[in-house]
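Have a look at the structure below before the remarks.
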Amino acid sequence: MQNAKESLIKCHQRIKPYIHNTPVLTSHLIDEKAGCSLFFKCENFQRMGAYKMRGATNAILQLTEEQKNNGVVTHSSGNFAQALSLAAKRLGVKAYIVMPSSAPQVKKDAVAGYGGQIIECEPTLEARNTAAQKIQNETSATFIHPSNDEDVIIGQGTACLELLQEYSDLDFVVAPIGGGGLIAGSALAAYYFGNDCKVFGGEPYKADDAYRSLKSGKIESNTTTNTIADGLRTQLGDKNFPIIQKYIEGIIRVEEQEIIDAMRLVWERMKIIIEPSSAVALAAVFANKEHFQGKKTGIIISGGNVDLKNLPF
């Protein structure tokens, strides 16, 4: 990506009026259990409850006036659907959101509440792409991918940029990895604004396509995605994968029980609500304690949008 350092700085200035500079929290008890100093960048306190507000806002702000007048379209069953809906509403742009019929009603209600126009489709990638293309053809709306879009990637990277502005001496940053937008943006921020700060991804064993992609050198797919970390069931893209290959240190895989245990620990000890996908980053630190021993480690808490009727504990 050309001029990523300058892009991150300009993006941060651009989106500041529309996002929260979220707090960084710590916990002595969790530090003791992990054997290192942890700094939690709490994007669960971001507008609409997740970091994706950053990338969605940046992507819309980069459009021409004509493009804004025609609206935006994406396909998502979760946080990006909500993020694009809210960002579009705040910027006076129409948002068309393609959602699978299987998406939880609570997420559909949230998208509708933020002003997104929902178009339901069958829960397959082909149906999702077909529906989004149909809207583009009919309305001339601009398609914005949830994670495989340079403006989105740079936007997501501002969370890590803010973390490093507050704690410039971090040894590591750990973020969950699903579609790849957050980890790619975080890796760029750490490279340009950290002091030899290394980035690791956390990923469930049951959806470990990114881990296998790094091993094989090409984008791999998941045959099953039976993980509680529902936000990490998506696949890497051709725009974020080269960044991930070049700039991240590695990916640590975690078991489902490890994710649940980390999630519960944060709920109980830090008194904050985080979603299972967020807990994957902390679980990765616990799964590889010796690597992080005694180090200052940033954890990107990606979001806090949880279906309270389906808690794992």
Side-chain angles (χ1 to χ4, degrees), residues 1-25 39-63 72 74 79-80 82-84 86-88 90-91 144-170 172-195 197-201 231 237 239-240 243-244 246-248 274 277-278 281 297-305:
M1 186 180 289
Q2 294 295 313
N3 302 316
K5 183 176 183 178
E6 186 179 340
S7 295
L8 280 161
I9 294 169
K10 286 183 176 179
C11 169
H12 195 224
Q13 292 299 321
R14 188 183 303 124
I15 67 175
K16 263 184 180 180
Y18 305 98
I19 63 163
H20 296 314
N21 186 329
T22 51
V24 179
L25 300 183
F39 300 84
F40 296 87
K41 178 63 171 171
C42 293
E43 287 294 290
N44 51 322
F45 294 132
Q46 189 53 263
R47 294 186 190 276
M48 55 67 54
Y51 73 93
K52 293 195 175 184
M53 187 67 183
R54 297 171 179 272
T57 301
N58 189 49
I60 295 175
L61 286 171
Q62 292 289 73
L63 300 178
V72 291
T74 195
N79 284 341
F80 196 76
Q82 297 174 55
L84 195 70
L86 181 56
R90 297 206 66 208
L91 295 167
I144 299 178
H145 194 280
S147 56
N148 196 42
D149 177 292
E150 288 192 1
D151 291 327
V152 170
I153 292 166
I154 289 294
Q156 317 304 31
T158 61
C160 186
L161 171 60
E162 288 176 0
L163 174 61
L164 289 164
Q165 285 174 339
E166 196 166 343
Y167 295 94
S168 59
D169 57 345
L170 294 180
F172 300 110
V173 169
V174 186
I177 182 164
L182 176 62
I183 195 85
S186 298
L188 289 170
Y191 180 80
Y192 287 109
F193 299 97
N195 183 16
C197 178
K198 302 287 192 286
V199 173
F200 280 90
K239 290 182 173 64
N240 57 50
I243 299 170
I244 292 164
K246 184 174 180 179
Y247 292 104
I248 81 165
I274 68 167
S277 299
S278 297
T297 302
I299 301 277
I300 307 288
I301 297 289
S302 54
N305 294 322

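Note that this is a predicted model, so its numbers are computed, not measured.
To the nearest 0.5 Å, atoms CD (Gln46) and CG (Asn21) are separated by 8.5 Å. In this structure, the separation between CD1 on Ile300 and CG on Asn44 is 11.5 Å, given to the nearest 0.5 Å. Distance check, rounded to the nearest 0.5 Å: CG of Asp151 to SG of Cys11 gives 8.0 Å. Expressed to the nearest 0.5 Å, how far OG1 of Thr22 lies from CZ of Phe45 amounts to 9.0 Å. How far CD1 of Ile9 is from CG of Asn3: 11.0 Å, rounded to the nearest 0.5 Å. One finds the SG atom of Cys197 at 14.5 Å from the OH atom of Tyr167 (value rounded to the nearest 0.5 Å).
Counting all heavy atoms, side chain and backbone alike, Asn240 lies closest to Gly179 at ND2-O, 3.0 Å. Residues Leu182 and Ser302 share a closest heavy-atom pair of CD2-CB, 4.0 Å. Between Ile183 and Ala175, the shortest heavy-atom contact is CD1-O, 3.7 Å. The shortest non-hydrogen separation linking Pro176 to Ser277 is CB-O, 3.4 Å. For the residue pair Ala190 and Leu164, the shortest heavy atom distance occurs at CA-CD1, 3.6 Å. Considering all non-hydrogen atoms of both residues, Ser147 and Ile153 come closest at O-CG1, 3.5 Å.
At least one side-chain heavy atom of Phe193 sits under 4.5 Å from a side-chain heavy atom of Leu8. Proximity of Leu25 to Ile301: side-chain heavy atoms (C-beta onward) are nowhere separated by under 4.5 Å. Residues Val72 and Leu63 meet the side-chain proximity criterion, which asks for heavy atoms closer than 4.5 Å. Proximity of Met53 to His20: side-chain heavy atoms (C-beta onward) are nowhere separated by under 4.5 Å. The closest side-chain heavy-atom distance from Asn305 to Met48 is below 4.5 Å. Residues Arg47 and Arg90 are in side-chain contact: their nearest non-hydrogen atoms beyond the backbone lie under 4.5 Å apart. Using a 4.5 Å heavy-atom threshold, the side chains of Phe200 and Thr297 count as separate.
Evaluation of the salt bridge (Lys or Arg N to Asp or Glu O under 4.0 Å) test over residues 50-62, restricted to residues two or more places apart or in two chains, returns Glu43-Arg54, Arg54-Glu162.
For His12, there are no ring pair (Phe, Tyr, Trp, His ring centres under 6.0 Å) partners two or more places apart in sequence or in a different chain. Lys198 meets the salt bridge (Lys or Arg N to Asp or Glu O under 4.0 Å) test with Asp196; sequence neighbours excluded. A search for side-chain contact (heavy atoms from CB on, under 4.5 Å) contacts involving Asn195 returns nothing, not counting sequence neighbours. Under the salt bridge (Lys or Arg N to Asp or Glu O under 4.0 Å) criterion, Glu150 pairs with no residue, sequence neighbours left out. Residues forming a salt bridge (Lys or Arg N to Asp or Glu O under 4.0 Å) with Lys16 (at least two apart in sequence, or on another chain): none.
Looking at Thr57, its side chain never comes within 3.5 Å of a backbone N or O of Ala87 through a donor-acceptor pair.
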Should Leu61 and Tyr18 be marked as a side-chain contact (heavy atoms from CB on, under 4.5 Å) after you check the CA-CA gap, both sets of side-chain angles, and the distance that decides it?
CA-CA 11 Å; Leu61 286 171; Tyr18 305 98; 3.9 Å; yes
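Environment of CZ in Phe172: crowded, with over 12 heavy atoms of neighbouring residues, nucleotides or ligands closer than 6.0 Å.
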